[in-house]
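Worksheet for the structure shown next.
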Amino acid sequence: MTVLIVGGSGYLGTELARQGSSAGRDTAATFHSRPGEVAGVPWHRLDLRDPAGLHEVLDAVDPRAVINASSGDADWAVTAEGGMRLARATADRGIRLVHVSTDAVFSGRRDAYDETCLPDPVTPYGAAKAAAETAVRLLCTDAIVARTSLILGDGRSGHERQVRDLVAGTRRGVLFTDDVRCPVHVCDLAAALWELTRSDTTGVLHLAGTEAVTRHELGTLIARRDGLDASRLASGRRADTDLPGGLRIVLDGGASRRRLTTRLRGVTEFLTP
């Protein structure tokens, strides 16, 4: 069973490729700018805006399953239309699709969001991801939409680099005390996605950590784990800025966790030295 990781050179994609290769699974991956560095994984250049290129990669790899871990940020042509294009191509070929989405599809107006909640995005990125989700759910009846939150945990994530830069004074900024998410360890998330890819599970799942924390609380945990002076992390309120997006977005993944053997740890657990 060959699995193709779309967005394999990204942060999550790299961990997916590493776990696939380490387990001896037939794994291929795509990249946009430059191939990843995971040994034993064939790399294929892919631009999700190019329909012909997508079909060329699928022809070359002939996967039984695809994990879409690509980002594209708020680029509608990549994140929304590219996700739709991939959903249609996998549906037409009978390929199982595991589509990674985000808590940004929600506005933050509810106390918590379980797997039954419908998207109500308030940012261009959230809207693009919600559009892709809709296409996947309509076109691929046996697909998985896996919503997640902040991904970190091995020291290489953007969140962890930001904290180190803020403590060192090489970057200016504050960490918000009113911006709440449910961080997940990249290794836990990748393991859960692999488990789902090899199962017959379908539908929407929430793959986030079990603990909701503010950005400032998260930064403090990262600094303490790395032996840094957390008092150097300035705090502020996102509500006092004009930044778009929901403040408190808590993914309730209780139903999803009951369908998994992989354990998704809370942030305090995996960041405690």
Side-chain angles (χ1 to χ4, degrees), residues 1-10 12-13 16-17 20 25-32 41-105 115-119 121 125-148 189-190 192-207 255-256 259-260:
M1 174 178 170
T2 300
V3 175
L4 175 65
I5 300 166
V6 174
S9 59
L12 173 59
L16 284 164
R25 298 169 182 149
D26 290 332
T27 306
T30 74
F31 67 96
H32 183 255
V41 175
W43 292 90
H44 302 263
R45 185 184 297 275
L46 176 63
D47 185 336
L48 284 173
R49 296 169 296 184
D50 176 14
L54 172 59
H55 286 285
E56 287 175 4
V57 171
L58 293 176
D59 286 341
V61 177
D62 191 23
R64 291 283 301 278
V66 170
I67 304 175
N68 182 12
S70 64
S71 175
D73 296 320
D75 188 329
W76 186 269
V78 176
T79 302
E81 294 177 359
M84 296 175 192
R85 189 171 291 115
L86 180 59
R88 180 174 295 280
T90 54
D92 289 347
R93 293 169 179 251
I95 299 170
R96 177 164 171 76
L97 177 62
V98 176
H99 178 85
V100 181
S101 191
T102 171
D103 57 10
V105 301
E115 295 86 349
T116 66
C117 292
L118 297 178
Y125 172 61
K129 293 296 271 187
E133 272 194 20
T134 302
V136 171
R137 296 175 68 186
L138 290 176
L139 295 173
C140 309
T141 57
D142 65 342
I144 287 174
V145 170
R147 296 175 182 142
T148 191
L189 177 57
L193 291 169
W194 269 112
E195 178 184 338
L196 292 168
T197 301
R198 298 163 64 84
S199 74
D200 58 3
T201 301
T202 63
V204 177
L205 283 85
H206 284 180
L207 305 184
S256 299
R259 301 169 75 179
L260 288 167

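Because the structure is a prediction, the values reported are computed rather than measured.
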Taking side-chain hydrogen bond (donor to acceptor under 3.5 Å, both in side chains) as the test, write out the residues that go with Glu195, two or more places apart. Thr261, Thr262

For Arg93, the salt bridge (charged side-chain N to carboxylate O under 4.0 Å, His left out) test, sequence neighbours excluded, returns Asp59

Which residues pass the side chain to side chain contact (heavy atoms under 4.5 Å, CB included) test with Ala190, not counting sequence neighbours? Leu12, Glu15, Leu16, Gln19

Who pairs with Ala60 by side chain to side chain contact (heavy atoms under 4.5 Å, CB included), at least two apart in sequence or on another chain? His44

Excluding sequence neighbours, so at least two apart, what forms side-chain hydrogen bond (donor to acceptor under 3.5 Å, both in side chains) with Ser256? Glu115

Contacts of type side-chain hydrogen bond (donor to acceptor under 3.5 Å, both in side chains), residue Thr202, not counting sequence neighbours: none

Verify the neighbour count for atom CZ of Arg64: are there more than 12 heavy atoms of other residues, nucleotides or ligands below 6.0 Å? no

In residues 127-136, what donor-acceptor pairs under 3.5 Å come from side-chain atoms, sequence neighbours left out?
residue	atom	partner	partner atom	Å
Lys129	NZ	Val100	O	3.0
Glu133	OE1	Arg147	NE	3.4
Glu133	OE1	Arg147	NH2	2.9
Glu133	OE2	Ser101	OG	2.7
Glu133	OE2	Arg147	NE	2.8
Thr134	OG1	Ala130	O	2.9

Of all the heavy-atom pairs spanning Leu193 and Ala146, show the shortest one and how long it is. CD2-CB, 3.9 Å

Mind checking side-chain hydrogen bond (donor to acceptor under 3.5 Å, both in side chains) for Ser70 and listing every partner two or more places apart, or none if nothing turns up? Asn68

Do the side chains of Leu58 and Leu4 get nearer than 4.5 Å, heavy atoms only? yes

Pairwise side-chain contact, Thr2 with Asp62, heavy-atom cut-off 4.5 Å (strictly under): no

Between the CZ atom in Phe31 and the CD1 atom in Ile5, the distance rounded to the nearest 0.5 Å is 14.5 Å

Taking the side chain as every heavy atom from C-beta outward, state whether Arg198 and Val3 have any atom pair closer than 4.5 Å. no

Could I get the full list of salt bridge (charged side-chain N to carboxylate O under 4.0 Å, His left out) partners for Arg25, not counting sequence neighbours? none

Minimum heavy-atom distance between Thr30 and Trp43, given as atom pair plus value: O-CZ3, 3.8 Å

Under 4.5 Å between any side-chain heavy atoms of Leu260 and Leu207, yes or no? yes

Give me the atom names and distance for the closest heavy-atom approach of Asp200 to Arg96. C-NH2, 4.2 Å

Is there side-chain contact between Asp47 and His32, with heavy atoms separated by less than 4.5 Å? yes

Contact between Leu46 and Glu56 at the side-chain level, heavy atoms closer than 4.5 Å - yes or no? no

Which distance, rounded to the nearest 0.5 Å, do you find between the CD1 of Ile67 and the NE2 of His99? 12.5 Å

Between Cys140 and Thr90 the two heavy atoms that sit nearest each other are SG-OG1, 3.8 Å

What distance separates Leu97 CG from Thr141 OG1, expressed to the nearest 0.5 Å? 11.5 Å

Taking the side chain from Arg85 and the backbone from Leu48, do they hold a donor-acceptor pair closer than 3.5 Å? yes

Scan for side-chain hydrogen bond (donor to acceptor under 3.5 Å, both in side chains) pairs involving residues 72-82, sequence neighbours excluded, and state none if there are none. Ser71-Asp73

Between the side chain of Arg88 and the main-chain N/O of Leu139, is any donor-acceptor distance below 3.5 Å? no

